[in-house]
Number of protein chains: 2
Amino acid sequence: MLSGREGVRIPVGTRQRILDAARELGYRPNRTAQSLRTRKTQTIALIFDTVGDGHYAGEMIRGALETALERDHLLYIAETANDPALEEKLLQEMVDRQVDGVILAAMSTRTARLSEHMRRIPTVLLNCLDASGESVCVVPDEEAAGRQAARLLLDAGHRDGVHVVGGHPATGGAHEGLSVGELRMSGIEAAMAAAGTRLAGTVECDWSAPEHGYRATRSLLESARLPTAVVCCNDRLAIGAYQALRESRLRIPDDISLVSFGDSGLPSWLRPPVTSVDTPHHELGAKAVSLLLADEPAPAIHRLPMAVNPRGSITACAPDPREAVPASTEPGAIRSAQPRPLRRAGAHGGGHG
Amino acid sequence: MLSGREGVRIPVGTRQRILDAARELGYRPNRTAQSLRTRKTQTIALIFDTVGDGHYAGEMIRGALETALERDHLLYIAETANDPALEEKLLQEMVDRQVDGVILAAMSTRTARLSEHMRRIPTVLLNCLDASGESVCVVPDEEAAGRQAARLLLDAGHRDGVHVVGGHPATGGAHEGLSVGELRMSGIEAAMAAAGTRLAGTVECDWSAPEHGYRATRSLLESARLPTAVVCCNDRLAIGAYQALRESRLRIPDDISLVSFGDSGLPSWLRPPVTSVDTPHHELGAKAVSLLLADEPAPAIHRLPMAVNPRGSITACAPDPREAVPASTEPGAIRSAQPRPLRRAGAHGGGHG
DNA sequence: CTGAAAGCGCTAACAT
DNA sequence: ATGTTAGCGCTTTCAG
């Protein structure tokens, strides 16, 4: 009766008294014994390739944890460090402890190789796909994200002066053969085309560090026609872009608009805060858990929408940008050449980038 | 015999044959059954108050995981979001699953309140202390960190021009009644005193965002006597300081030296990289696990040394800074007034801050 | 419809 | 020194 057996006929008062007594005595069913019998442990393994700088992982963990808790499950966590042997060992340990399912999470979207274990236990791939296409996968919808970013700019009137910093690097993983960069670019281009226009240009560069964004943006500013808006393919590039723009005395968003794809939570430290299309880490983690715990984990790729976070780095663009923003070939002093060493100590004073 | 019973007399060949067969058949002892019998699960609960921005947590998790794995344990993870009710529930769930021990980790050092559960199960407090002083605690040695930071500067010849940005805010937790800021300041002051000198000044400010560091540093630069070196109490303040220095055309480390206390992994993105005294997240996690798994978890506070990471933001200081750095009351143009809008596209091009 | 009994797979205590 | 047995605390099956 304590285990919740149905159809028991006990006076309601008595029943309640029993339950109360049980609680008062601090009775807790022994989950280990339950598990031995039912072969279910109410636990899930969350295995990362690498926890990385943590931000990505942090939100994912939170999302997964919340959903798991709602469904009365607890989370194991582990990290493979991209070591196949370690991955195998961890998977084995998890299986030994009879986890009810495994979530294999990758920090940067890529194609995963499936271990044997994963054919014998419910598995969800998080932020990665497998070659066979027989797995349940959860990934951000990068192509839609590209369209979202472009729409932000288009809706503000930017049509002819939109440049991209980042582009389609070969590095990084793939969704169905396409890299994150390719997908985002494809989305951006599609949205521009749908609006009857196209990108003014794309600077292809490494996404890994701010300095690449800095250099790419500088090269943009040296061109004959100044951009009205720049799309940065990730946060690090955006930091570099901020730096380059600040050095050129171009103000955001007054002189130029900026959109970024957020993946690190860093944009909130930029001044002014950058409007970005952010990877839904939290939702990815939550979705992975709920799929794992669903009755029929039908093989499929679940693409989650990215979140648009307007933070004021976009300004309406005049119909003809040539009148609003005069072109310049002088890299040294594009706009106000006035040196303003110790500027603004106000609310935005901590500005950087 | 499979469970490793001692004193069994079996021909060596046979013994090996059995083991081989077992492996070939894929035999794995059922850990759940083991646990039911032995009341040990080879698992540890790692419970954070908040995973925060993740960096802190990421390294801690890694450290804990490595050590746990070495000792054949797996890690549960959870987050209480500083909600006592949730903490209680999670603790209960962990106890129900018979974890062998609990690590209670705080993101920012503070004093913890002990739940009843923790008196009945081995517990280690990570990055926090409890009022009773009866727990096993692992914390960074903040006072030593202060001395380390000061020594870096003193060894480079900085004696009379060292300023601190941050100070001793009342906010944040405490080690034996002292906040992180108080401890660090105390260490800095002790080291300066030991060297026969003292701080030129301290700007007390909020540690939470770059803009406070920016403003504090600006105020420093407006004073009559220019600092030869600045100590920033955390990464965010350092970012703000970088920004202020850059706007003043002061070069790091040529014109001014900088040291920071690292807590976010962010310093690596600053140009030039900032020399910092870093919280040993990884070691904290590892130590917590090994203490938890030790035979006698004697109540004690374990202070772990912080790691010094020289990254080139400190330069030797002339014996008399007054000759090396002329004072100025003009905030507008302290040093080279030359506007250099699009500077250096080279290796350090991505610089920001 | 309800109570009793038989295990889940292992380890520890027990006889041989 | 080795083989045997009795549970760990629960769920499920099977009689009653």
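In what follows, every chain begins at residue 1, and chains take the letters A, B, ... in the order their sequences are listed.
- A/Arg39 comes within 4.0 angstrom of the backbone, heavy atoms only, and of no base.
- We find that B/Glu143 and B/Arg303 are not joined by a salt bridge, their nearest charged nitrogen and carboxylate oxygen being 4.0 Å or further apart.
- Between the side chains of A/Ser35 and A/Gln98, not a single donor N or O lies within less than 3.5 Å of an accepting N or O.
- Separating the CG atom of B/Asn30 from the C1' atom of D/dC8 is a distance of 13 Å, rounded to the nearest angstrom.
- Salt bridge absent: A/Asp100 and A/Lys40 never bring a charged side-chain N and a carboxylate O closer than 4.0 Å.
- Looking at heavy atoms from C-beta onward, B/Glu79 lies out of side-chain contact with B/Ile47 at the 4.5 angstrom threshold.
- Between the NZ atom of A/Lys40 and the P atom of D/dG9 there is a distance of 23 Å, given to the nearest Å.
- Rounded to whole angstrom, the span from the CZ atom of B/Arg28 across to the P atom of C/dC8 amounts to 21 Å.
- Out of D/dC10, C/dA12, C/dG9, the shortest distance to the side chain of A/Pro29 is found at D/dC10.
- In this entry the distance linking CG of B/Leu36 with C1' of D/dC10 reads 8 Å, nearest Å.
- Donor-acceptor pairing under 3.5 Å is lacking for the side chains of A/Asp49 and A/Thr80.
- Atom OH in B/Tyr27 sits about 8 Å away from atom C1' in C/dG9, given to the nearest Å.
- You'll find the side chain of A/Val139 stays beyond 4.5 Å of the side chain of A/Leu304, heavy atoms only.
- Contacts between residues 89-98 of chain A and DNA chain C, defined by a heavy-atom separation under 4.0 Å, are absent.
- Across D/dT12, D/dA6, D/dG9, the shortest atom-to-atom separation from the side chain of B/Arg37 is found for D/dA6.
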Inset, instruction - State the dot-bracket string of DNA chain C. Criteria: Watson-Crick or G-U wobble, both atom distances under 3.5 angstrom; notation: ( ) intrastrand, [ ] crossing earlier pairs, | interstrand, . unpaired. - result: ||||||||||||||.|
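- Residue A/Gln34 has a polar side-chain atom (N or O) positioned under 4.0 Å from OP1 or OP2 of D/dT11.
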